[in-house]
Every structure is written in structure tokens, then in C-alpha cells.
Amino acid sequence: MADYFVGQREYFPNIGKIPYEGSKSDNPLAFKYYDAEKKIGGKKMKDHLRFAIAYWHSFCADGSDPFGAPTHPHPWIIDAKTPMEAAEHKLDAAFEFFTKLGAEYYCFHDRDLAPEGTSPAESEKNLQILTAKARERQQATGVKLLWGTANLFSHPRFMNGAATNPEFKVLALAANQVKAALDATIALGGEGYTFWGGREGYMSLLNTDLKREKDHLAVFLGTARDYARKQGFKGIFYIEPKPMEPTKHQYDYDVETVAGFLRYYGLDKDFRLNIEANHAELAGHDFYHELETAAAMGLFGSVDANRGEPRNGWDTDQFPSSYYETSLAMYAILRAGGFTTGGLNFVAKIRRNSVESADLFEAHIGGMDTFAVGLEVAHRLISGGKLSGFIKNRYASFDSGDGAKFEQGQLSLEDLARIGSDYGAWGITSGKQERLENILNQYLLEL
Ligand code: XUL
């Protein structure tokens with residue numbers, strides 16, 4: 001990957017290319033476990049993990065929260081004369097960051113890349129101009145677009161939703177934005193396109209026609225898919241589940257809900273799931289559960305890598321730091337076949353009081369190291385075969401005889417009742433949960 005800062009203004013002047021120095025290093029600006037070129041099971045770490053940087057959290061978020069003013073005065077915005085100039089400076093800062101960190105992918109919303117104009121046509125023009133500039137920088141560095149998306153939740157026009165808005169004109173404005181965002185994604189060779197339905201839900205059922213809104217959402221997604229395919233887009237569409245926030249209830253509640261929705265409306269051929277750790281937690285699940293559920297239905301796609309604060313109950317979008325969680329996540333991901341078009345996108349923001357420019361690097365370094373450890377542990381868990389061997393044995397009674405016939409749908413309820421008509425031999429076998437948890441801990445410590 002070529003560096004980007006050479007020959008233009010450097011936004012992170014005291015920080016060079018982040019090296020891999022190994023677990024004994026004291027250098028906060030070095031990887032301890034993420035060694036991009038190291039092969040795990042015949043594949044490089046970087047190709048397993050496919051790290052992406054979320055443009056919005058890293059280059060747009062300014063540290064403000066509902067209680068306080070910005071704390072991150074971005075240098076790329078301060079000295080710009082127009083919003084378009086600021087957007088180009090931000091692009092330079094972003095590509096400098098991607099290349100110094102060694103992240104090969106990024107993700108954006110339309111409004112992260114280019115400012116909204118005074119009309120839909122001007123907004124689209126702004127996006128086209130910045131898309132061309134992003135393309136030049138992608139070509140110069142080799143950085144790629146993991147997925148693009150449209151911000152259909154920030155502007156007041158979307159306060160009642162976008163595709164599920166009760167006013168058709170707002171839905172059409174959302175479609176106008178999605179069309180332009182799809183064009184930008186395609187022009188940049190994006191490998192996917194994500195729909196996170198931030199306001200596609202309700203605040204009160206007393207004013208909501210739930211069935212009609214879900215029908216509209218499905219039609220909207222289908223038309224977006226058809227348009228993109230017509231333009232030659234071969235990538236995957238992702239739905240990103242989240243149960244609530246900013247709405248009281250979001251229609252894309254969790255993996256199981258989205259899977260049911262996609263299948264009910266016949267969208268499951270083109271759409272997969274983009275699963276976020278913090279959203280899983282808000283839905284009352286753990287990350288591992290959501291990944292495993294998507295994989296079981298053949299709908300696993302991509303990941304928004306972050307973590308929540310379990311006792312908070314809102315979307316804190318913190319950088320991942322738990323080896324336990326990333327080991328289980330990578331275990332599910334590897335067993336699902338790994339990433340194809342998807343990757344690990346850091347939907348995480350540095351804290352409001354993380355005010356040094358090095359903090360953005362240290363946050364990503366920690367997140368990448370945490371997933372690298374998870375990858376190592378997961379790979380060893382799989383090659384050790386102890387967990388999968390246990391599970392295989394646990395279901396062995398379905399591998400042959402009547403159990404296998406049952407799985408193939410060859411037994412009626414009468415047949416089953418006949419087989420179950422005496423209290424004879426049946427196994428009281430231990431689930432061995434504690435032993436399996438101990439094995440997992442052994443693998444975690446062996447790194
Ligand atoms: C919001 C969220 C978004 C999506 C993209 O909770 O995660 O950043 O990932 O719109």
C-alpha cells in the first residue's frame with residue numbers, strides 16, 4: 001500500500017507508518033499482535049480480517065454529545081474556506097490515516113464524503129466531485145471501499161423515517177439520495193452497500209401503520225437493488241440490524257427479525273447481514289449469538305466492529321478490547337467461511353476526552369490487535385477440533401438410523417410416537433459447558 005501524505009500537507013505529522021513490533025513492545029504506536037502478512041491457516045491476517053475505517057466516526061465525529069460542545073477540532077476543517085474544501089482536506093487526512101495505519105478498506109455515508117447542497121441536484125454534484133477525488137486517492141494508495149451507504153437519518157426531513165416515512169415525498173427524497181450514493185459506491189468499486197435503518201421504525205404505534213411501513217421498506221430496498229444491478233453492481237447489499245435508538249423500535253431489530261423480513265419479502269438472494277457488536281448487545285444478545293444465527297441461515301455478510309458498555313444500554317460505539325469476545329466472534333466468522341465481500345469495519349469512536357491525534361491511531365491499533373488475537377485463538381480452536389468434535393458427538397444420534405430418517409423428513413408423527421413409546425434407553429448426557437469454557441480459556445492463554 002502506497003503512503004499518501006508525501007507531497008501534500010501532513011495531518012498526523014508526528015506519526016509514521018504503524019509497525020508490527022510484537023507483544024513485548026512498549027510502543028503505543030505499534031501493533032502487538034496484528035502482523036498483516038503473517039499467515040494463519042494459509043491466509044494472511046490482513047486477508048482474514050479485512051479491516052475498514054468508518055469515515056463518519058473517525059473523520060466527522062467531533063466529540064460533541066447531547067450535553068456538550070465539540071472537543072475534537074479537526075485540523076482539516078479549521079482552515080478550509082468552504083465546506084467543499086473542508087471535505088477535500090478531510091479526504092486527504094483520511095487517506096493519510098488509512099495508509100499510515102495499514103487499513104486496506106474504508107466505509108462512508110454520502111454526507112460524510114460530501115456536504116449536503118441547497119438542492120438534491122447540488123448534493124449529488126457535491127458527491128460526484130468528492131467521489132472523483134476519492135477515486136484518485138484510492139488509485140494512488142490501493143485503499144479500497146468496503147461499502148458505501150446513504151445517511152437517511154440526520155436531516156430533519158427524516159424525523160419520521162426515510163423508506164418508512166408516512167409522506168411519499170420524503171420517501172422519494174430518500175430514493176434520490178440512495179441512487180446517488182449507489183452511483184458513488186459503484187464508481188469507487190465498493191464491494192458492498194449497506195442499509196442501516198436508523199429511523200425506519202416508530203416512536204409510537206398510536207400514529208403508525210406498521211404493516212404499511214414494512215411493506216414500503218421492502219419495496220424501497222427492492223427498487224434500490226434493481227437499480228444497482230442495472231448499473232452493473234455485483235456486490236452484496238447489507239442490512240444492519242439494530243433494535244432501537246434513535247427510534248423506540250427499529251424494524252431491523254436483530255438478525256432473526258431481519259432474516260424473517262428478507263425471506264418474507266423475497267430479498268434474501270441479494271441481501272446479507274452487517275452485524276454490529278454493540279447493536280447485538282442492545283437487542284439483548286451477544287455478538288457471538290448474532291454471528292452464529294446469521295451464519296446458520298446463510299446470511300452472514302460483514303461486521304461493524306466495536307463494543308458497548310454492558311451496563312449503559314445505549315450505543316456507545318467503543319473500540320473492541322475484549323479478547324474473549326473477539327475470539328468467539330472470529331470463531332463464528334471462520335466457521336461461516338470467513339469474509340468474502342465483507343470485512344471488519346470499525347464503527348467505533350474515540351471518547352470525548354481522547355483529544356490527542358495519536359488517540360485515533362491508538363484506538364484502531366488496539367481494535368486491530370484485539371481482532372488479531374481473536375483470529376489466532378479461533379483458528380487454533382478450530383484446528384484443535386475439541387469444540388466441534390464435542391458438538392458433532394452430541395448430535396450423533398441423528399447421523400444414522402431413525403435419527404437420520406427424521407432429519408430427512410421420512411418419519412411421520414405416528415412413526416416418532418412408536419419409537420418413543422417406551423421409557424427404555426435414552427441418554428442423560430452432560431452438556432459439559434464448564435469443561436468447554438475451560439478449554440476456551442486454555443486456548444486464550446496459550447497465545
Ligand atoms: C448506527 C450505526 C451506523 C451504521 C451506518 O448505530 O451503526 O453507523 O453502521 O449507517
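Note that ligands are numbered from 1 as they come in the structure, with each ligand's atoms numbered from 1 the same way. Positions are given from 1 along the sequence. Not measured: the values here are computed from a predicted model. The basis for the numbers below is simple: all heavy atoms, side chains too, and nothing from hydrogens, waters or symmetry mates.
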K.L.:
Among W196, W314, W56, W147, which residue places a heavy atom closest to atom 8 (O) of ligand 1?
P.N.:
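Comparing heavy atoms across W196, W314, W56, W147, the nearest one to atom 8 (O) of ligand 1 lies in W56.
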
K.L.:
Does CZ in R212 sit with more than 12 non-hydrogen atoms of other residues, nucleotides or ligands closer than 6.0 Å?
P.N.:
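Incorrect, the count does not exceed 12.
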
K.L.:
Relative to the heavy atoms of D315, which atoms of ligand 1 are at a distance of less than 4.0 Å?
P.N.:
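Under 4.0 Å from D315, ligand 1 has these atoms: 6 (O).
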
K.L.:
More than 12 foreign heavy atoms under 6.0 Å from CD of E356: is that the case here?
P.N.:
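No, because the 6.0 Å sphere around CD of E356 holds 12 heavy atoms or fewer from other groups.
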
K.L.:
Ignoring angles and geometry beyond distance, decide whether E276 reaches within less than 3.5 Å of ligand 1 through its nitrogen or oxygen atoms.
P.N.:
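Such a contact does occur with ligand 1.
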
K.L.:
Do the ring planes of W56 and W147 sit parallel (below 30°), tilted (30 to 60°) or perpendicular (above 60°)?
P.N.:
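Answer is tilted, since the angle falls between 30° and 60°.
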
K.L.:
Using a plain distance cutoff, I'd like to know if H279 has any nitrogen or oxygen under 3.5 Å from a nitrogen or oxygen of ligand 1.
P.N.:
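Yes, at least one N or O pair falls under 3.5 Å.
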
K.L.:
Taking only heavy atoms of H109, which atoms of ligand 1 are found under 4.0 Å from at least one of them?
P.N.:
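Selected atoms, number and element: 5 (C), 10 (O).
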
K.L.:
Count the heavy atoms belonging to other residues, nucleotides or ligands that lie under 6.0 Å from CD of E167, then report whether that count exceeds 12.
P.N.:
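It does not: E167 CD has 12 such atoms or fewer within range.
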
K.L.:
Does only the side chain of E245 get under 4.0 Å from ligand 1, or the backbone, or both, or neither? Count heavy atoms.
P.N.:
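It is neither part, as no heavy atom is under 4.0 Å.
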
K.L.:
Among all the protein's non-hydrogen atoms, which is closest to atom 2 (C) of ligand 1, and how far away is it?
P.N.:
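Protein heavy atom at minimum distance: E240 OE2, 3.5 Å.
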
K.L.:
Which atoms from ligand 1 have a heavy atom of V347 less than 4.0 Å away?
P.N.:
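Within the 4.0 Å cut-off of V347, ligand 1 contributes 7 (O), 8 (O).
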
K.L.:
Tell me the contacting part of D317 for ligand 1: side chain, backbone, both, or neither, using a 4.0 Å heavy-atom threshold, strictly below.
P.N.:
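The answer is neither; D317 stays 4.0 Å or more away.
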
K.L.:
Counting only heavy atoms from other residues, nucleotides and ligands, does the tally under 6.0 Å from CG of D79 exceed 12?
P.N.:
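Enclosed: over 12 neighbouring heavy atoms sit under 6.0 Å from CG of D79.
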
K.L.:
Would you find more than 12 non-hydrogen atoms of other residues, nucleotides or ligands less than 6.0 Å from Y264 atom OH?
P.N.:
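Not more than 12 within 6.0 Å, no.
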
K.L.:
With atoms numbered from 1 as shown, which atoms in ligand 1 lie under 4.0 angstrom from a non-hydrogen atom of K242?
P.N.:
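In order of number, 6 (O).
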
K.L.:
Main chain of F98, side chain of H364: is a donor-acceptor contact present, judged purely on distance under 3.5 Å?
P.N.:
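No: the side chain of H364 does not pair with the backbone of F98.
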
K.L.:
At under 4.0 Å between heavy atoms, which part of D304 makes contact with ligand 1: side chain, backbone, both or neither?
P.N.:
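Under 4.0 Å from ligand 1, D304 contributes side-chain atoms alone.
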
